[in-house]
K.L.:
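Handing you a structure now.
Chain letters run A, B, ... following the sequence lines, proteins first, then strands; residues in each count from 1.
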Number of protein chains: 4
Amino acid sequence: MPKVTDEHREQRREQILMAAMICVAEEGFHKTTMAHVIAGSGLSAGAVYGYFSSKDELILAIADRSLSYLDQAIDEVQARDPVPSPVEVTRLLTSMIVERAEAAPVDLTRVVVSAWAEAVRNEDVRHAVASRIDLLRSKLADVIIAQQSAGHIDAGADPEMVAKSLFGVMPGFVLQRLITRDVTPADYAAGYASLRRPSGD
Amino acid sequence: MPKVTDEHREQRREQILMAAMICVAEEGFHKTTMAHVIAGSGLSAGAVYGYFSSKDELILAIADRSLSYLDQAIDEVQARDPVPSPVEVTRLLTSMIVERAEAAPVDLTRVVVSAWAEAVRNEDVRHAVASRIDLLRSKLADVIIAQQSAGHIDAGADPEMVAKSLFGVMPGFVLQRLITRDVTPADYAAGYASLRRPSGD
Amino acid sequence: MPKVTDEHREQRREQILMAAMICVAEEGFHKTTMAHVIAGSGLSAGAVYGYFSSKDELILAIADRSLSYLDQAIDEVQARDPVPSPVEVTRLLTSMIVERAEAAPVDLTRVVVSAWAEAVRNEDVRHAVASRIDLLRSKLADVIIAQQSAGHIDAGADPEMVAKSLFGVMPGFVLQRLITRDVTPADYAAGYASLRRPSGD
Amino acid sequence: MPKVTDEHREQRREQILMAAMICVAEEGFHKTTMAHVIAGSGLSAGAVYGYFSSKDELILAIADRSLSYLDQAIDEVQARDPVPSPVEVTRLLTSMIVERAEAAPVDLTRVVVSAWAEAVRNEDVRHAVASRIDLLRSKLADVIIAQQSAGHIDAGADPEMVAKSLFGVMPGFVLQRLITRDVTPADYAAGYASLRRPSGD
DNA sequence: AATGAATGAGAGTTCATTCAT
DNA sequence: CATGAATGAACTCTCATTCAT
């Protein structure tokens with residue numbers, strides 16, 4: 001099977017990545033064995049290693065991919081007109097997380113939690129995850145600038161700083177959804193909305 | 001049942017747990033080997049297995065312990081008089097997380113992230129972590145009730161619901177502190193403060 | 001059977017053999033992978049297997065070739081007139097070994113040592129190497145006969161037997177040159193010259 | 001089985017080393033698998049790795065050991081009184097090599113050839129082998145000094161240099177014994193003896 | 001004919017756990 | 001009762017070879 005098209009190669013890579021993500025969603029990075037990924041991908045050991053030269057490289061690709069899924073969600077929020085309020089953004093993002101998680105063959109939020117844990121002990125993964133988070137937060141910062149123009153947010157606030165806090169809402173939601181299993185996007189956003197005194201702070 | 005022996009046993013258990021947490025903070029649960037824990041504890045393999053009958057049991061104990069450290073932080077917040085505003089609570093909790101993490105021989109936030117990941121794939125750990133989160137949130141709910149009395153928060157809001165959102169602030173902070181390494185308690189709380197429009201929502 | 005194609009085939013075979021010898025000089029037979037040989041030859045896997053149907057066949061060819069290089073050296077000694085003395089032969093052979101080793105793109109003496117080791121465990125290689133050694137020794141025997149005529153060597157000695165000893169000088173030189181790296185042709189020959197008592201034995 | 005005596009440990013190490021040498025004598029270093037060594041030693045994989053932390057470490061120990069066997073042979077030659085002539089030394093050393101090879105459960109000369117080949121590509125092994133050769137040659141140099149006193153060798157010759165040549169006799173013998181299989185100690189020594197013209201050089 | 005992606009058995013090594021001492 | 005040497009299944013990864021294209 002020589003001289004395979006780039007498209008075909010990309011498809012194969014995707015096939016392996018998907019098989020691996022299914023494993024990781026179930027067992028985490030370190031309880032996922034290459035044998036499971038290989039069996040799940042329907043390829044041979046050698047073939048898999050032709051696309052990912054080590055388990056660490058595969059882990060890196062999965063970590064990166066698991067976070068990139070949020071991109072589209074944020075893009076959608078950014079596209080909304082008029083710009084939604086912060087509470088509305090919280091509700092939108094958490095809803096999209098739930099929708100995607102339940103629609104996909106893999107619950108990507110489970111993979112994301114593995115990626116966080118791996119980022120703590122593996123510098124390569126940390127860099128990859130940090131870059132993704134940076135990107136997400138900069139998109140959020142754009143939304144925040146729009147919100148400032150719309151008068152939703154104090155115009156004097158630093159958008160980058162606010163973006164960190166806004167981004168920080170998601171991990172807590174993901175975690176409680178997976179672990180205590182008692183949060184819904186609507187309630188979670190409502191809770192944030194209530195976190196202010198009736199008038200001012 | 002000599003009293004001294006029981007104390008001694010407890011001390012030994014603690015010794016092992018500490019050695020294990022140091023390992024887990026560095027390498028996560030699954031890259032931590034029993035051999036490392038054994039070496040770190042200064043005991044023999046057999047002795048360690050006398051206190052924790054399997055690695056899974058040790059993991060469970062560590063997961064539980066890593067979350068219990070937040071208890072004291074919340075207790076302290078609860079004890080404050082007058083009751084702090086939500087933004088102030090956010091600042092207090094994140095500051096305490098940083099302080100403890102930097103003072104301790106182990107950065108417990110690193111262990112906590114491992115515990116989250118493990119909770120996703122291991123039902124026993126999930127239950128343990130869920131119970132801990134429940135407890136923390138109920139303490140937070142008490143604070144919220146006090147805040148409602150003090151007029152900081154809409155009196156009509158469900159304290160349990162608000163507690164979920166308030167608790168949810170911490171994972172995002174912990175993660176960004178460990179991964180992007182660009183958040184401070186003051187800025188993070190300020191970001192939350194800005195997340196409301198100048199007047200109402 | 002087009003002539004050009006045959007030449008072309010021979011050229012290709014040589015190309016592969018050379019690439020393989022470079023690998024073997026560096027890593028020995030069993031750490032040399034077919035993938036390295038294939039990459040070094042600039043051909044495809046399929047093409048290489050068209051010329052050598054297995055790694056074992058390639059090893060056999062390399063072992064044979066590595067020893068055949070000494071042929072020319074001995075031919076040159078044989079051509080000398082008047083016939084050189086035994087000590088002189090030792091010096092000539094060792095000098096030629098060094099010269100060739102340093103001139104060639106591959107240090108063939110490194111390959112030869114691999115061939116010896118392989119001959120010990122692989123009957124096919126042993127036969128090939130034994131045949132080559134036989135040939136070399138018979139050429140040396142011719143030189144010895146000439147030396148007997150010239151009065152350099154006891155006329156009553158069996159030339160075949162003396163040839164074995166004379167041939168036996170070379171492995172020790174090659175090995176010390178590669179391993180202790182502290183022998184020179186001149187010193188080595190001088191050492192042999194000294195190995196006889198001032199008068200008789 | 002805790003707190004095992006050092007003697008016991010040494011015995012176990014020897015047990016593994018012997019099993020490994022048997023494998024290496026048959027298959028060389030790189031066709032010898034750890035699984036074979038493990039099976040041959042009668043221990044488990046883990047136990048073997050408790051004594052040799054990698055295959056490379058085992059190879060190093062075998063290479064060293066295979067050469068150390070010659071020590072005793074040279075010691076015996078050194079002990080002879082009166083000091084034997086160079087030709088006699090050649091005969092003695094080669095005889096001892098044959099005797100030991102045929103008496104032992106492993107033909108160590110087969111292992112030695114593997115060690116030479118490995119020394120060419122592996123710096124650690126090269127150093128170990130070079131050190132052993134150095135030691136053997138310095139013992140030989142002592143014998144040569146005695147031979148000079150006894151008038152067997154030119155008193156003006158450098159003993160170190162002559163020792164290199166004398167040492168160099170052995171590899172050629174070992175190789176021809178294993179590969180062409182047509183050399184005997186007596187004939188080989190006689191061949192050397194003949195390598196001089198009837199009177200002087 | 002030539003290619004090189006794919007195969008898969010088998011390599012070296014690790015590590016949670018046990019149990020003879 | 002404590003010890004730590006021993007176990008062995010399971011892990012990640014390699015590589016000689018094939019064969020669909």
Side-chain angles (χ1 to χ4, degrees), chain A residues 1-5 8-9 12 16 30-39 41-59, chain B residues 5 9 12 30-39 42-59, chain C residues 5 8-9 12 30-39 42-59, chain D residues 1-5 8-9 12-13 16 30-39 41-59:
Chain A
M1 264 165 234
K3 277 281 178 251
V4 139
T5 60
H8 183 256
R9 268 197 75 79
R12 276 268 201 276
I16 295 163
H30 298 294
K31 283 284 178 183
T32 289
T33 70
M34 289 306 285
H36 286 147
V37 173
I38 288 157
S41 71
L43 296 171
S44 67
V48 169
Y49 276 87
Y51 290 90
F52 296 94
S53 66
S54 69
K55 189 181 177 182
D56 277 355
E57 201 179 301
L58 186 56
I59 284 175
Chain B
T5 303
R9 270 195 74 79
R12 279 281 172 91
H30 299 294
K31 285 283 180 182
T32 289
T33 69
M34 289 304 285
H36 285 146
V37 173
I38 289 158
L43 298 173
S44 69
V48 168
Y49 274 86
Y51 293 90
F52 296 94
S53 67
S54 69
K55 190 181 177 183
D56 278 355
E57 203 178 301
L58 186 56
I59 284 174
Chain C
T5 302
H8 189 252
R9 270 195 74 79
R12 279 283 172 89
H30 298 293
K31 284 284 180 183
T32 289
T33 68
M34 289 304 285
H36 284 146
V37 173
I38 288 158
L43 298 173
S44 69
V48 168
Y49 274 85
Y51 293 90
F52 296 93
S53 66
S54 70
K55 189 180 177 183
D56 278 354
E57 203 178 300
L58 186 55
I59 285 175
Chain D
M1 261 165 237
K3 275 279 176 256
V4 141
T5 59
H8 184 256
R9 268 197 75 80
R12 275 269 199 278
R13 225 186 120 91
I16 295 163
H30 298 294
K31 284 284 178 183
T32 289
T33 69
M34 289 306 285
H36 286 148
V37 173
I38 287 157
S41 72
L43 294 171
S44 67
V48 168
Y49 276 87
Y51 291 90
F52 296 93
S53 65
S54 69
K55 190 181 177 184
D56 277 356
E57 201 179 302
L58 187 55
I59 284 175

K.L.:
Compare the minimum distances between each of E/dT17, F/dA16, E/dA6 and the side chain of C/Lys55, then state the nucleotide with the smallest one.
P.N.:
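The closest nucleotide is F/dA16.
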
K.L.:
Let me know the distance between CG of D/Leu43 and P of F/dA9, rounded to the nearest Å.
P.N.:
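Computing the D/Leu43:CG to F/dA9:P distance gives 16 Å.
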
K.L.:
On DNA chain E, check which nucleotide each of A/Gly42 and D/Ala35 is closest to and give me the residue with the more 5' one.
P.N.:
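Of the two residues, A/Gly42 wins.
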
K.L.:
Expressed in angstrom and rounded to an integer, what is the separation of A/His36 atom NE2 from F/dT12 atom P?
P.N.:
9 Å

K.L.:
Pick the closest DNA chain F nucleotide for B/Ser44 and for C/Thr32 by heavy atoms, then say which residue is nearer the 5' end.
P.N.:
B/Ser44

K.L.:
From C-beta outward on B/Ala47, which listed nucleotide comes closest to its side chain: F/dT3, E/dG8, F/dG8?
P.N.:
F/dT3

K.L.:
Roughly how far, to the nearest 0.5 Å, is the OG atom of A/Ser41 from the CE atom of A/Met34?
P.N.:
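The CE atom of A/Met34 sits 8.5 Å away from the OG atom of A/Ser41.
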
K.L.:
Verify whether one side chain among D/Thr33 and D/His36 offers a donor that lies under 3.5 Å from an acceptor in the other.
P.N.:
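D/His36 and D/Thr33 do have a side-chain donor-acceptor pair below 3.5 Å.
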
K.L.:
Base, sugar-phosphate alone, or nothing: which one does D/Gly50 contact when heavy atoms must sit under 4.0 Å apart?
P.N.:
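Nothing: the residue D/Gly50, judged by heavy atoms under 4.0 Å, touches no strand.
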
K.L.:
Please state how far atom NE2 in C/His30 lies from atom P in E/dG12, giving the value in whole angstrom units.
P.N.:
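Interatomic distance, NE2 of C/His30 to P of E/dG12: 13 Å.
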
K.L.:
Could you tell me the Watson-Crick or G-U partner of E/dG8, where both distances fall under 3.5 Å? Say none if there is no partner.
P.N.:
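F/dC15 - that is the nucleotide pairing with E/dG8, both distances being under 3.5 Å.
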
K.L.:
Rounding to a whole Å, what distance do you find between D/Lys31:NZ and E/dG12:P?
P.N.:
11 Å

K.L.:
Nearest of F/dT12, E/dG12, E/dT13 to any side-chain atom of A/Thr33?
P.N.:
F/dT12

K.L.:
Please report, rounded to the nearest Å, how far the C1' atom of F/dC13 is from the CE atom of D/Met34.
P.N.:
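Computing the D/Met34:CE to F/dC13:C1' distance gives 17 Å.
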
K.L.:
What is the distance from CD1 of C/Ile38 to P of E/dA5, rounded to the nearest Å?
P.N.:
12 Å

K.L.:
Among the nucleotides E/dT18, F/dT14, F/dT17, which one has an atom lying closest to any side-chain atom of B/Ala45?
P.N.:
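Nearest nucleotide to the side chain: E/dT18.
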
K.L.:
Assign each of B/Arg12 and D/Arg9 to its nearest nucleotide of DNA chain F by heavy atoms, then name whichever residue's nucleotide is nearer the 5' end.
P.N.:
B/Arg12

K.L.:
Please evaluate residues A/His8 and A/Arg12 with respect to the criterion side chain to side chain contact (heavy atoms under 4.5 Å, CB included), reporting the C-alpha separation (whole Å), side-chain torsions for both, the decisive distance (0.1 Å), and the verdict.
P.N.:
CA-CA 6 Å; A/His8 183 256; A/Arg12 276 268 201 276; 4.0 Å; yes

K.L.:
If I take atom CD1 from residue A/Ile16 and atom OH from residue A/Tyr49, how far apart are they, to the nearest 0.5 angstrom?
P.N.:
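Here the interatomic distance stands at 11.0 Å.
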
K.L.:
Among the nucleotides E/dT13, F/dC13, E/dA16, which one has an atom lying closest to any side-chain atom of A/Ser54?
P.N.:
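Among the listed nucleotides, the one closest to the side chain of A/Ser54 is F/dC13.
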
K.L.:
For a quick check of understanding: with a heavy-atom distance under 4.0 Å over all strands, which category does A/Tyr51 fall into, base, sugar-phosphate or nothing?
P.N.:
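Contact class for A/Tyr51: sugar-phosphate only.
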
K.L.:
Among the candidates E/dG12, F/dT17, E/dT18, find the nucleotide nearest to the side-chain atoms of B/Tyr49.
P.N.:
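Closest of the options to the side chain of B/Tyr49: E/dT18.
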
K.L.:
Can you tell me how far OH of A/Tyr51 sits from CD of A/Glu57, rounded to the nearest 0.5 angstrom?
P.N.:
13.5 Å

